[in-house]
Amino acid sequence: MIYETITFMITNKCNMSCPHCCLNCCPENNIVLENSLLRETIGRLALNPRIKTVAVSGGEPFLFPEKVEEMVKWIRNAGKKATVYTNGFWCNEYDATYNTLKVLKTDGLSLLLTSVDSYHQMGVPIDNIKNLLGVCLELEIPTKVHVSTTRKNIHKDDEILKSLGTAKLNASVTTSAVYRAGRANERITESEIITNQSTEYFHCKYDGMCAVDWNGDVFWCCSIRNDNMIIGNIKKENINTILNRVMKKKLFLKLITDAPYVLEKIKERNMLNLEEKYADYCELCDKIFSNKELVLELEKEFESKYERK
């Protein structure tokens with residue numbers, strides 16, 4: 001079992017419909033994981049010593065604040081670190097934000113993640129993010145800020161970050177290029193995509209993380225939802241049984257340990273047109289695992305090689 005972090009995307013509902021959203025979340029969606037299932041699953045993770053961190057995400061989880069609070073408690077009681085993501089739509093008042101986060105910290109919150117960029121700030125005032133980060137700074141809650149950018153927005157995104165002023169002190173800021181998945185396929189033009197990740201230096205940065213989506217499906221990656229990356233469903237099986245199953249996914253294991261070899265095998269088959277550079281390695285993985293015929297063929301080949309060893 002290779003995972004240390006598991007993310008629960010508890011809902012596909014969001015207060016916004018960001019043009020770059022790879023998950024197609026929006027206000028019209030309304031699927032939410034049941035509390036009883038979440039509690040049971042997190043309880044089972046208490047028996048898994050390899051899992052160190054359990055994250056709560058969406059969609060926008062703070063559309064269901066009581067659920068977030070309950071989950072943080074369950075995660076703490078399971079002996080794991082609790083991480084929560086939010087876009088900060090609810091942080092319009094400093095004192096109210098303080099009260100909410102103080103309770104979550106007491107309950108066991110160890111890290112808060114948020115997004116700051118041109119897309120998210122279409123629907124969330126930057127003052128909300130200042131309140132959110134300011135409270136985290138005051139309460140000493142570690143914070144990570146993610147910026148999703150394009151050629152058109154990169155300079156504007158830099159200005160948005162600057163506008164945060166002292167609120168961003170002690171926050172860890174990561175900037176990545178928007179990649180072609182989900183709504184971005186329709187709303188972001190090809191000329192806007194920044195392609196600077198060469199396949200020559202492919203390295204998966206999420207190999208210790210996986211995700212459970214709002215349908216209960218478990219994906220061996222936490223970044224993209226591709227049906228060919230599903231390893232089980234928590235409504236049908238024990239989460240620990242599902243996580244151990246990833247060891248049978250030889251193509252995935254080979255991709256995160258020896259990507260150049262996998263890419264050569266793909267080129268030999270001429271079943272997929274690989275570009276030299278991508279916006280993000282997640283985009284490359286999504287492209288590979290969207291080709292079911294290719295996935296089955298490579299999986300079969302790598303499976304037989306493991307068996308011979």
Side-chain angles (χ1 to χ4, degrees), residues 1-12 20-25 33 41 45 48 50-59 61 80 83 85 111 113 115 144 146 148 174 176-185 197 199 201-234 237 239-263 266 272 274 278-292 294-296 298-299 302-303:
M1 214 282 290
I2 64 174
Y3 297 114
E4 292 186 352
T5 299
I6 183 167
T7 298
F8 286 87
M9 299 185 286
I10 63 172
T11 181
N12 64 349
H20 71 304
C21 182
C22 62
L23 300 176
N24 284 311
C25 296
L33 279 173
T41 304
L45 288 172
N48 191 330
R50 289 295 301 273
I51 297 294
K52 308 297 183 185
T53 301
V54 178
V56 183
S57 185
K80 313 300 181 183
T83 296
Y85 168 81
L111 175 67
L113 301 94
S115 298
K144 289 187 177 182
H146 183 245
S148 297
T174 302
S176 63
V178 170
Y179 61 90
R180 294 157 284 202
R183 195 175 292 122
N185 270 326
Q197 301 291 312
T199 56
Y201 304 107
F202 180 97
H203 173 70
C204 177
K205 54 191 175 186
Y206 298 115
D207 59 326
M209 307 168 72
C210 65
V212 180
D213 80 352
W214 43 84
N215 295 313
D217 286 327
V218 182
F219 295 79
W220 66 57
C221 171
C222 74
S223 183
I224 53 177
R225 289 179 67 256
N226 186 303
D227 288 347
N228 292 322
M229 301 173 76
I230 297 174
I231 52 176
N233 188 292
I234 59 172
E237 293 180 279
I239 183 64
N240 297 313
T241 301
I242 296 171
L243 294 180
N244 283 324
R245 186 174 296 134
V246 77
M247 300 307 295
K248 296 181 180 180
K249 301 296 181 180
K250 306 306 181 187
L251 171 56
F252 169 66
L253 295 176
K254 195 68 176 173
L255 189 60
I256 63 175
T257 57
D258 191 2
Y261 179 79
V262 176
L263 297 179
I266 292 174
L272 187 67
L274 291 177
Y278 290 84
D280 190 280
Y281 295 135
C282 296
E283 180 183 28
L284 174 57
C285 266
D286 188 35
K287 187 171 184 178
I288 292 172
F289 288 102
S290 293
N291 189 322
K292 189 172 183 179
L294 174 64
V295 169
L296 291 174
L298 290 174
E299 190 71 44
F302 294 142
E303 181 72 38

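What you see is a predicted model; the values in this text were computed from it and never measured.
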For L284 and L263: C-alpha separation, side-chain torsions, deciding distance, then whether side-chain contact (heavy atoms from CB on, under 4.5 Å) applies. CA-CA 10 Å; L284 174 57; L263 297 179; 4.2 Å; yes
Between V262 and D258, is any pair of side-chain heavy atoms under 4.5 Å apart? no
Taking the side chain as everything from C-beta on, heavy atoms only, tell me whether I2 gets closer than 4.5 Å to L253. yes
Check whether any side-chain N or O of Y281 sits under 3.5 Å from a backbone N or O of Y201 as a donor-acceptor pair, and report yes or no. yes
N24 side, atom CG; N12 side, atom CG - distance, nearest 0.5 Å: 9.5 Å
Taking the side chain as C-beta and beyond, is there a heavy-atom pair between Y278 and K287 under 4.5 Å? yes
Over all atoms of both residues, closest heavy-atom pair of E299 and K250: OE2-N, 2.7 Å
Decide yes or no for V246 and Y3: does some side-chain heavy atom of the first lie under 4.5 Å from some side-chain heavy atom of the second? yes
If I take atom CD1 from residue I231 and atom SG from residue C210, how far apart are they, to the nearest 0.5 angstrom? 6.0 Å
Taking all non-hydrogen atoms of both residues, which atom of F202 and which atom of A259 are closest, and how far apart? CD2-CB, 3.0 Å
Backbone of N240 reached by a side-chain donor or acceptor of N48 within 3.5 Å: no
side-chain contact (heavy atoms from CB on, under 4.5 Å) for E237 and R245? Distances and angles first, verdict last. CA-CA 11 Å; E237 293 180 279; R245 186 174 296 134; 2.5 Å; yes
Check: R180 side chain, N185 main-chain N or O, donor-acceptor pair, under 3.5 Å: no
Please report the interatomic distance CE(M209) to CD(E4), rounded to the nearest 0.5 Å. 10.0 Å
If we only count heavy atoms from C-beta on, is the L255 to C285 side-chain gap below 4.5 Å? yes
Exercise: identify the closest heavy-atom pair between C25 and G59: SG-N, 3.3 Å
Could you tell me the separation between the CZ atom of R183 and the NE2 atom of H20, rounded to the nearest 0.5 Å? 9.5 Å
Criterion side-chain contact (heavy atoms from CB on, under 4.5 Å) on L113 and H146, from CA distance to verdict: CA-CA 8 Å; L113 301 94; H146 183 245; over 6 Å; no
Considering residues at least two apart in sequence or located in another chain, which fulfil the ring pair (Phe, Tyr, Trp, His ring centres under 6.0 Å) criterion with F252? W220
Measure across D280 and S176 and return the closest heavy-atom pair with its distance rounded to 0.1 Å. OD2-CB, 4.4 Å
In terms of heavy-atom contacts, A184 and V178 come closest through CB-CG1, 4.1 Å
Could you walk me through whether I234 and V218 pass the side-chain contact (heavy atoms from CB on, under 4.5 Å) check? CA-CA 7 Å; I234 59 172; V218 182; 3.8 Å; yes
Quick one: does L274's side chain get under 4.5 Å of T199's, heavy atoms only? no
Would you mind reporting whether L243 and I51 have side-chain heavy atoms less than 4.5 Å apart? yes
Any chance you could measure D213, atom CG, to I230, atom CD1, to the nearest 0.5 Å? 7.0 Å
When rounded to the nearest 0.5 angstrom, what is the spacing between CG in L296 and CD in E303? 12.5 Å
With distance as the sole test, does N215 use its side chain to make a donor-acceptor pair with the main-chain N or O of D217 at under 3.5 Å? no
Measure the shortest side-chain to side-chain distance between F8 and V212 over non-hydrogen atoms and say whether it is less than 4.5 angstrom. yes
Check I239 against I6 and note the closest heavy-atom contact, atom names and distance. CD1-CD1, 3.8 Å
